[in-house]
Amino acid sequence: MLQVANIRANKEAYIEALKKRNFDAEQLFSEVLDLDETRRSTQAELDETLAESNKLSKEIGLMFKNGEHQKANLLKEKTSELKETSKSLSEKLADTTAALNRHLYNIPNIPNAIVPAGASEEDNEEIFKEGEVPQLAEGALPHWELAKKYDIIDFELGNKITGAGFPVYKGKGARLQRALIAYFLDKNVAAGYTEYQMPLLVNDASGYGTGQLPDKEGQMYHVTEDNLYLIPTAEVPVTNMFRDEMLAESDLPIACTGYTPCFRREAGSYGAHVRGLNRLHQFDKVEIVRIEKPEDSYAALDGMVEQVKDILRELKLPYRILRLCGGDLGFTSALTYDFEVFSTAQDRWLEISSCSNFETFQANRLKLRYKTADGKKQLAHTLNGSSLALPRVLAGILENYQTPEGIKIPEVLVPYTGFDMID
RNA sequence: GGAGAAAUGGCAGAGUGGUCGAAUGCGGCAGUCUUGAAAACUGUUGAGGGUCACACCUCCGGGGGUUCGAAUCCCUCUUUCUCCGCCA
């Protein structure tokens, strides 16, 4: 959520910047500023009324003490009137604040200056590419065929137990997945991230904190009986650990990593591109989250990108990095780098990581602040990234490492799997 | 799931209707003393909004109510603790 003060100070620049998202903020901004104006004047009026009422109440107290009952009763009438006034004023204040917040919730983050303009993923900017695309033998198979051939992932079985998008991993498939999780976590811990295991269900305050609510409500599974949501990513519980916190400057930076399953309803997205592991309702992911001082946050984002690169390099997977254009940029993000692994057998790129700087957009909702050395309070910057999303890494490994003899295991994983071939 | 108790400032802990935003202790900060430190002593120290700065407003787990006036009374929710039950 943007800060009203910043909107007021940078109105024109913000409107211009949001055009990169194809978002027309002109109307919304002037409504926000008007509402804020009303909110503040109403607040001032209410304060005055309450001050008057407090004063009279004290006087009445004194009068009773002095036995001046008649005088006191006379004043009581006056305070009753003030009470009516303050009641209607606080209703107005609540309405105005709610309207203001509704507006603010609908305004996306201001894209960083280097975000390219663009309408869709077509306009994302490729900034880096690494790794050899392997020459596969004639008749190379997509991962869902390989999964069947080697009996390591059973999509039909998941169908039976739960429904589409809930695969069952089996034997070496399950062990490979577990190996990947352990390897990712170890890499992140070695890079200074603290490992966490988080709750998989969150309350709605957490959903609002990181911005899944109210705009992406339909994307989360909702346990209505207890009003809890299954997490769509570890970002939600991890970042919300710091909700309503006042950190010391010396606490920063904070770097967390955690493995969780992720649950996404993915309503309405079915079709050829979502076959196999490409898009699931439940999948595993190792996430990294950082809380940074504003002046450090972009260097930290670069550091996260390096961290993911390092992992992909060790896995020897061909990948590229995209700088997302305004049209493809997430609602809460100021700058996002997507990582994609090339799936040779499918002949397409698969998104496996996304690293974003949210600047103060989440922190403002979260009230995540820190005290600087000279005692000033300011919003921290939050960042997160996947390192990595399991199913597509798995798909990439299966497809790119297939040989006529079987699927080789990337060298770096062998100590984790305990085997070097799926056959 | 049942019965009972509780929730107050960074922490501990008073406060049961009227200068209570809240005693006291610890902690933090500043100073005195000291070559320096410790100890001792003195002062200071919650958060949010508002203001150029004051004033002023709000906040004693959340929400609602009674009252001229609520940390204090009532309702409700949540959480924690103790006991019982159940359970990996």
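Model, not experiment: these values are computed from the prediction. Side chains are part of it too, since the values below use all heavy atoms of this structure and drop only hydrogens, waters and symmetry mates. By convention in this document, chain letters (A, B, ...) are assigned in the order of the sequence lines, proteins followed by strands, and residues within each chain are numbered from 1.
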Taking [atom1] from [X] and [atom2] from [N], how many angstroms apart are they, rounded to a whole number?
{"X": "A:F64", "N": "B:rU67", "atom1": "CZ", "atom2": "P", "value": "14 Å"}
{"X": "A:L89", "N": "B:rC57", "atom1": "CG", "atom2": "P", "value": "15 Å"}
{"X": "A:L46", "N": "B:rC59", "atom1": "CG", "atom2": "P", "value": "11 Å"}
{"X": "A:L56", "N": "B:rC57", "atom1": "CG", "atom2": "P", "value": "12 Å"}
{"X": "A:L75", "N": "B:rU67", "atom1": "CG", "atom2": "P", "value": "18 Å"}
{"X": "A:K58", "N": "B:rA70", "atom1": "NZ", "atom2": "C1'", "value": "14 Å"}
{"X": "A:M63", "N": "B:rG69", "atom1": "CE", "atom2": "C1'", "value": "13 Å"}
{"X": "A:Q43", "N": "B:rC56", "atom1": "CD", "atom2": "C1'", "value": "11 Å"}

When the nearest nucleotide of RNA chain B is assigned to A:G61 and to A:L50 on a heavy-atom basis, which residue is associated with the more 5' position?
->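 Counting from the 5' end, the first nearest nucleotide belongs to A:G61.
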RNA chain B: 5'-proximal contact among A:E77 and A:R369 (nearest heavy atom) |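 Per heavy-atom nearest nucleotide, the more 5' residue is A:R369.
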Tell me what [X] touches on the nucleic acid: a base, only sugar-phosphate, or nothing, going by heavy atoms under 4.0 Å.
{"X": "A:K78", "value": "nothing"}
{"X": "A:S57", "value": "base"}
{"X": "A:I60", "value": "base"}

If you measure from the [atom1] atom in [N] to the same atom in [M], how many Å do you get, rounded?
{"N": "B:rU19", "M": "B:rG13", "atom1": "P", "value": "25 Å"}
{"N": "B:rG62", "M": "B:rC68", "atom1": "C1'", "value": "27 Å"}
{"N": "B:rG63", "M": "B:rG9", "atom1": "P", "value": "15 Å"}
{"N": "B:rA3", "M": "B:rA71", "atom1": "C1'", "value": "28 Å"}
{"N": "B:rG65", "M": "B:rC26", "atom1": "C1'", "value": "38 Å"}
{"N": "B:rA55", "M": "B:rG50", "atom1": "P", "value": "15 Å"}
{"N": "B:rU72", "M": "B:rA23", "atom1": "C1'", "value": "15 Å"}
{"N": "B:rU16", "M": "B:rU67", "atom1": "C1'", "value": "16 Å"}

Can you say whether the rings of A:F64 and A:H69 are parallel (under 30°), tilted (30 to 60°) or perpendicular (over 60°)?
->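 Geometry flag for A:H69 against A:F64: perpendicular rings.
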Taking the inter-plane angle between the rings of A:H222 and A:Y229 on a 0 to 90° scale, is it parallel (under 30°), tilted (30 to 60°) or perpendicular (over 60°)?
->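 Parallel.
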A:Q27 side, atom CD; A:H103 side, atom NE2 - distance, nearest 0.5 Å =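 Here the interatomic distance stands at 8.0 Å.
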With a 4.0 Å limit, can you tell me whether [X] has a side-chain N or O closer than that to the phosphate oxygens OP1/OP2 of [N]?
{"X": "A:K55", "N": "B:rU19", "result": "no"}
{"X": "A:R39", "N": "B:rG49", "result": "no"}
{"X": "A:K377", "N": "B:rG48", "result": "yes"}
{"X": "A:N54", "N": "B:rC57", "result": "yes"}

Hey, is the main chain of A:K92 close enough, under 3.5 Å, to the side chain of A:T96 for a donor-acceptor pair?
->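 Between the backbone of A:K92 and the side chain of A:T96 there is a qualifying donor-acceptor contact (under 3.5 Å).
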Could you tell me whether A:K11 atom NZ has more than 12 heavy atoms of other residues or ligands within 6.0 Å of it?
->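 Check passes, neighbour count above 12.
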Kindly check if the number of other-residue, nucleotide or ligand heavy atoms within 6.0 Å of NZ (A:K316) is above 12?
->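 Result for NZ/A:K316: open.
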Now, which nucleotide makes the Watson-Crick or G-U wobble pair with [N], with each of the two distances under 3.5 Å?
{"N": "B:rC20", "result": "none"}
{"N": "B:rU72", "result": "none"}
{"N": "B:rA53", "result": "none"}
{"N": "B:rG43", "result": "B:rC29"}
{"N": "B:rC81", "result": "B:rG4"}
{"N": "B:rU35", "result": "none"}

Hey, mind stepping through A:Y208 and A:Y105 against ring pair (Phe, Tyr, Trp, His ring centres under 6.0 Å) and telling me if it holds?
-> CA-CA 9 Å; A:Y208 277 98; A:Y105 279 146; 5.8 Å; yes
